[in-house]
Peer 1: 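Structure in structure tokens, see below.
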Amino acid sequence: MGNCFAPLSPGSSDSEGNPAASSSRRPQITTTTATNTGSPSEQRIRAESGSNTNQDQDQVPIQGRPERRKSRLNKHSRSSSILSLGKSININMGGGPPLDALRNYATLANPSQSLSASKLLLTTRNTIAVFDQYPKAKYHFLVLPRYPFTSQLNPDSKKSIVPLDTLNDLKSLLLKADRESREEILLALENTSREVEEMIRDEMLKTEGFEWKIDIGFHAIPSMKHVHLHVISDDRISPSLKTKKHHNSFRPDLGFFIDIMEVKRWIEDDSNMRERVDAMYDAKRLLDTPLTCHKCDEFMTNVPKLKTHLEKHFQEERATALNNIARHGRQRSSDEEMF
DNA sequence: GTTCTAGAAC
DNA sequence: GTTCTAGAAC
């Protein structure tokens with residue numbers, strides 16, 4: 001527990017699992033300060049594609065996350081922009097919950113042409129990363145497998161290695177996909193999530209001058225169809241975080257949020273997969289866990305108090321990190337803090 | 001998933 | 001009186 005400053009990580013592999021492709025590359029996001037209000041996910045940010053060496057990757061500029069207006073206005077403007085796209089995307093058009101929004105993203109033939117830069121972060125051959133529409137932290141993105149999901153081992157094949165309904169959620173991916181497909185899909189999701197993580201770290205340094213922890217995992221019970229991985233900064237500071245369930249659903253220690261490393265352990269030894277999936281069906285009750293801070297476990301009587309408390313954590317982490325950088329020229333991990 | 005709002009909590 | 005939550009509606 002306590003503050004968790006992750007040390008700078010080395011260059012990631014490319015987004016399809018080829019570590020040699022980008023030994024020292026780190027995706028760059030630049031921020032303009034002109035609209036420097038709201039969470040950084042909502043600020044105007046732009047990727048510099050010049051250093052991109054991955055031919056598979058169709059990385060688009062990250063720019064123009066427009067400022068939010070009142071929700072009703074937002075819905076109207078969203079509907080009209082959707083209508084102007086080449087392919088009709090049914091997001092909340094019927095007044096019901098937008099259950100199919102992610103599936104519509106995942107099945108686009110050409111996401112970088114169809115999706116605006118305020119929705120799309122990047123795409124690869126088999127994955128897509130988008131802004132969470134209601135971010136629950138300063139940085140919050142979703143990574144999903146595209147359909148058709150084609151095999152890297154067979155570059156010319158356009159055929160999906162799994163049927164669409166296998167990609168409904170994590171449960172169906174774990175139970176319906178064969179071992180090889182399951183591993184290939186999870187690896188692609190993980191690699192893209194690491195790419196997103198690096199972009200976030202760059203942005204953290206630019207906007208706040210230090211980096212902080214990022215969590216990567218699945219929800220046991222997702223609210224939208226199509227399996228998706230959350231990449232979320234652990235500040236949990238956002239206007240869209242409004243309820244105890246929101247906060248509990250991202251607590252890394254409860255069981256509702258399942259870290260990607262945990263899922264990787266599951267597929268290495270899949271003898272208990274049925275029990276693990278059954279436990280996921282039962283996870284809903286975890287959201288009713290009493291409200292406590294995910295960093296220090298202090299009990300919180302209500303959500304507004306939690307939000308004030310989390311702001312305090314963040315300011316303290318920031319002060320400690322900036323102090324360390326001033327004194328030692330680098331950020332130190334929480335382990336080093338103990339000595 | 002969000003929004004709305006009745007009634008509980010303060 | 002106001003603030004906040006939880007469940008229904010979407």
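Per chain, numbering begins at 1; letters A, B, ... match sequence-line order. Values in this document were obtained by computation on a predicted structure and should not be read as measured data.
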Peer 1: List every contact pair, protein side and nucleotides 4-6 of chain C side both N or O, where the distance is under 3.5 Å.
Peer 2:
| from | atom 1 | to | atom 2 | distance (Å) |
| --- | --- | --- | --- | --- |
| C:dT5 | OP1 | A:V303 | N | 2.7 |

Peer 1: For A:I221, what are the other residues in its hydrophobic cluster, where any two members join if their side-chain heavy atoms are less than 4.5 angstrom apart?
Peer 2: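 A:I221 shares its hydrophobic cluster with A:F256, A:L286, A:L287.
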Peer 1: In this structure, how many angstroms lie between the P atom of B:dG1 and the OH atom of A:Y105, rounded?
Peer 2: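 For the pair A:Y105 OH and B:dG1 P, the rounded distance is 16 Å.
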Peer 1: Looking at A:R194 and A:E197, is there a salt bridge between them, counting it only when a charged N and a carboxylate O are closer than 4.0 Å?
Peer 2: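 Looking at A:E197 and A:R194, the cut-off is met.
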Peer 1: Starting from A:F250, walk the hydrophobic network (Ile, Leu, Val, Met, Phe, Trp, Tyr; side-chain heavy atoms closer than 4.5 Å) and list everyone else you reach, by chain and number.
Peer 2: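 Its cluster partners, ordered by chain and number, are A:I232, A:F257.
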Peer 1: At under 4.0 Å between heavy atoms, what does A:H246 touch on the DNA or RNA strands: base, sugar-phosphate, or nothing?
Peer 2: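 It contacts sugar-phosphate atoms only.
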Peer 1: Would you kindly give the NZ-to-P distance between A:K119 and B:dG1, to the nearest whole Å?
Peer 2: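 From A:K119 NZ to B:dG1 P: 19 Å.
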Peer 1: How would you list, by chain and number, every residue that makes a ring pair (Phe, Tyr, Trp, His ring centres under 6.0 Å) with A:H309, sequence neighbours excluded?
Peer 2: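 A:H313.
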Peer 1: Check ring pair (Phe, Tyr, Trp, His ring centres under 6.0 Å) between A:H228 and all other residues, then give those that pass, not counting sequence neighbours.
Peer 2: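 Ring pair (Phe, Tyr, Trp, His ring centres under 6.0 Å) list for A:H228, sorted by chain: A:H230.
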Peer 1: Using residues 271-278 of chain A as the side-chain source, report each donor-acceptor pair under 3.5 Å to any protein atom, sequence neighbours left out, with the distance given to one decimal.
Peer 2:
| from | atom 1 | to | atom 2 | distance (Å) |
| --- | --- | --- | --- | --- |
| A:S271 | OG | A:D269 | OD1 | 2.8 |

Peer 1: Quickly work out the A:Y134 OH to B:dT2 P distance and round it to whole Å.
Peer 2: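 So the two atoms are 7 Å apart, to the nearest Å.
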